[in-house]
Engineer: 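What follows is a single structure, and I will ask about it in a moment.
Note on naming: letters A, B, ... go to the chains in the order of the sequence lines (proteins, then strands), and numbering restarts at 1 for each one.
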Amino acid sequence: MFQFIVRRLLQIIPVLIGVTILVFSLMHLSPGNPAHIIAGESAPPSTVKQIEERLGLDDPIPVQYFNFIKDAATLDFGNSWRTSLPVSEELWPKFWVTFELAVYSTIFSIFLGLIAGIISAVRKYSIADVSIMLIALFGLSMPNFWFGLMLMQWFSIKLGWLPPTGWGTPEQIIMPVITLGTMGAAVIARMTRSSMLDVISQDYIRTARAKGLSERIVIYRHALKNALIPVVTVIGLQFGSLLAGAVLTESVFAINGMGKLIVDRILARDFPVVQASVLVISVIFVFVNLIVDISYKFLNKRIDLD
Amino acid sequence: MSAEPANNIVTEAPKVDGPFKKAFKDFYSKLRKNKSALVGGYLIIILIIIALIGPLLTSQDPDAVDYGVKLQSPSAEHWFGTDHHGRDIFTRVIHGLGITMSIGITATMLGGIVGVFLGLISGYYGGKLDTIIMRIMDILLAFPGILLALALISILGANLQNVIIAVAIFAIPTFARIVRGSTLATKNLEYIDAMKALGASDTRIIWKHILPNILSPIIVQGSLFIATAVLSASGLSFLGMGAQPPSPELGALLSDGRDFMWDAGHIALFPGLVIMLIVLAFNIFGDGLRDALDPKMNK
């Protein structure tokens, strides 16, 4: 087990290096001289030169990359080109909003997805199963930004029950979480169903039933525990895509989170902020996947021991 | 899959279907057995037909402005109502269907071709090449969902062509991984050894004997990815990163609709429904096909 963790930790090093190189090159691959963008169109050459020197843009590229990594490791991403504020000062408050949104949506999708998936599997081919799977298919195929708009139209504009925009109060949280979490719920429901069906058809479940255990105990104590293992992997992946998917949800509900920040700053060509946001999300994603891998291995091992 | 490949040696003999034709026939016979794959397939065909001939049948110009009828609700004259410029939403959605579908299909094909190529050489040759390619794929996969596309658009600039490129790059690693896996499973089969012993070149083995055999998982992945690509690309247009006004791309139409949510809710309704229909069709097709091809589910 320990060996496995060490090996996986070593494996993510090249990935992290690759991610940082890619994010670093965002700025250098984009057309236009950064110093020009900061100084403005009509700035005199001397000002541009000054900015270049201050930001180290005249250093060789490898040196710049090394400095970028060194600063990023201490969460120093330089200053925004638009607001001149330190990027980390702009980023963190917005990061927590997005993080909250992603966590609530993940909880929502796990809750809904598991219940729906279990009902579907236990009542295979019943009306409940068919309708749940049909709804899940729609949930999977629905553009969530459209779903968000439709929710807003009903619950804010027509019924006036929920505030259409913003983030913070419980009423404000409901619609964004449903919007963002629905696709995840659909994925988890489908995965839970197929995983449960897989497990239920196995010999030890037949044995449990033959022993005369009640169906409830067979399903919840024996089947569910093992069926959940593959679902864990999906949940991990979901969390990452929720962090990224928040971009659209935040745009719909005018939530001032990291997704909105990324979109605004891409359009404003404020690269340090875009760089930092993309880097933060992908590094979190890499580590979430690592944790998922390890817990998967751990859960599987327990089965072996059982 | 292990029982069939032996037949492929026969393809060397004259008057027998070529490897691709055989692979497609095989594929079609499996497809016909799965009801949902068929439903999905028909839905896709219907959508393509509407996208192709629909614009010819709607009399109106999608960009024709008429402020006399702006923000009207659906009626006999304007089936889906009109937008803030008095443009007929039905006409715009019909035009948008073609645009959105072709963005999804083009991006998937571009990314698919590169991904399949990388997966084939990675799986077939193995060794250092394999390690390098797969590590690069890991890096691309480290950017969840739409984030990679956003990062790429921040470099390339926000327009439709760049959205296609960004979504295509997003497609590459998923194809490469699946194709590599299938290639690995195929390349150690006896008939490939036999081909090697007969002196067939690597290119010939890959192209004529491995690729036709792994076509099915590629088509499944292709169909499912078109669904993802349509969602991502229309999402990017919705954010203002892709198709720009006055393009009737469906995501851009939704973005228009958002601005008039309070006065005219219908503007946002129909483009979203059509996006869902496209995605649904490709999801059903891909799902059904996967079930049909997965021997475990065939029981």
Engineer: Chain A: which of Gly240(B), Ala151(B), Pro271(B), Ala158(B) shares the most heavy-atom pairs with it under 4.5 Å?
Structural biologist: Ala151(B)
Engineer: Side-chain donor-acceptor contacts of residues 146-157 of chain A below 3.5 Å, not counting sequence neighbours, with atom names and distances?
Structural biologist:
| residue | atom | partner | partner atom | Å |
| --- | --- | --- | --- | --- |
| Trp146(A) | NE1 | Ala268(B) | O | 3.1 |
| Trp146(A) | NE1 | Leu269(B) | O | 3.1 |
| Gln153(A) | NE2 | Gly265(B) | O | 3.3 |
| Ser156(A) | OG | Leu162(A) | O | 2.8 |

Engineer: Does NZ in Lys158(A) sit with more than 12 non-hydrogen atoms of other residues, nucleotides or ligands closer than 6.0 Å?
Structural biologist: yes
Engineer: So which bits of residues 223-237 of chain B come within less than 4.5 Å of chain A, counting non-hydrogen atoms only?
Structural biologist: Leu231(B), Ser234(B), Gly235(B)
Engineer: Return yes if some donor-acceptor pair links the side-chain N/O of Ser105(A) with the main-chain N/O of Leu180(A) below 3.5 Å, else return no.
Structural biologist: no
Engineer: With chain A as the partner, which of Ile275(B), Ile146(B), Leu254(B) has the greatest number of non-hydrogen pairs under 4.5 Å?
Structural biologist: Leu254(B)
Engineer: Establish, from distance only, whether the side-chain atoms of Tyr65(A) and Ser25(A) form a donor-acceptor pair under 3.5 Å.
Structural biologist: no
Engineer: Looking at Leu250(B) and Thr100(B), what are the two nearest heavy atoms and their distance?
Structural biologist: N-OG1, 3.1 Å
Engineer: Would you check if Lys260(A) and Ser251(A) make a side-chain contact, meaning some heavy-atom pair closer than 4.5 Å?
Structural biologist: no
Engineer: Working note: Val252(A) + Phe238(B), criterion side chain to side chain contact (heavy atoms under 4.5 Å, CB included); need CA distance, chi angles, decisive distance, verdict.
Structural biologist: CA-CA 10 Å; Val252(A) 170; Phe238(B) 177 75; 3.7 Å; yes
Engineer: Looking only at heavy atoms and a cut-off of under 4.5 Å, which of Val274(A), Leu137(A), Leu243(A), Ile262(A) has the most pairs with chain B?
Structural biologist: Leu137(A)
Engineer: Is it the side chain or the backbone of Leu141(B) that comes within 4.5 Å of chain A heavy atoms, both, or neither?
Structural biologist: backbone
Engineer: What side-chain donor-acceptor pairs closer than 3.5 Å can you find for residues 276-285 of chain A, not counting sequence neighbours?
Structural biologist:
| residue | atom | partner | partner atom | Å |
| --- | --- | --- | --- | --- |
| Ser277(A) | OG | Val273(A) | O | 2.6 |
| Ser282(A) | OG | Val278(A) | O | 2.8 |
| Ser282(A) | OG | Leu279(A) | O | 3.2 |

Engineer: Please determine, among Val247(A), Val286(A), Asn144(A), the option with the most heavy-atom pairs under 4.5 Å with chain B.
Structural biologist: Val247(A)
Engineer: Taking heavy atoms only and a threshold strictly under 4.5 Å, list by residue number the residues of residues 183-192 of chain A that touch chain B; give 'none' if the list is empty.
Structural biologist: Met183(A), Arg190(A)
Engineer: Kindly indicate, with the supporting measurements, whether the criterion side chain to side chain contact (heavy atoms under 4.5 Å, CB included) is fulfilled by Ile278(B) and Phe282(B).
Structural biologist: CA-CA 7 Å; Ile278(B) 302 173; Phe282(B) 283 100; 3.9 Å; yes
Engineer: Identify the heavy atoms of Ser195(A) and Ala227(A) that sit nearest to each other, and give their distance.
Structural biologist: OG-O, 2.5 Å
Engineer: Heavy atoms only: give me the nearest Ile153(B)-Asn162(B) pair and the separation to one decimal.
Structural biologist: CG1-O, 4.3 Å
Engineer: Could you tell me whether Arg177(B) and Asp138(B) make a salt bridge, using a distance below 4.0 angstrom between a side-chain N and a carboxylate O?
Structural biologist: yes
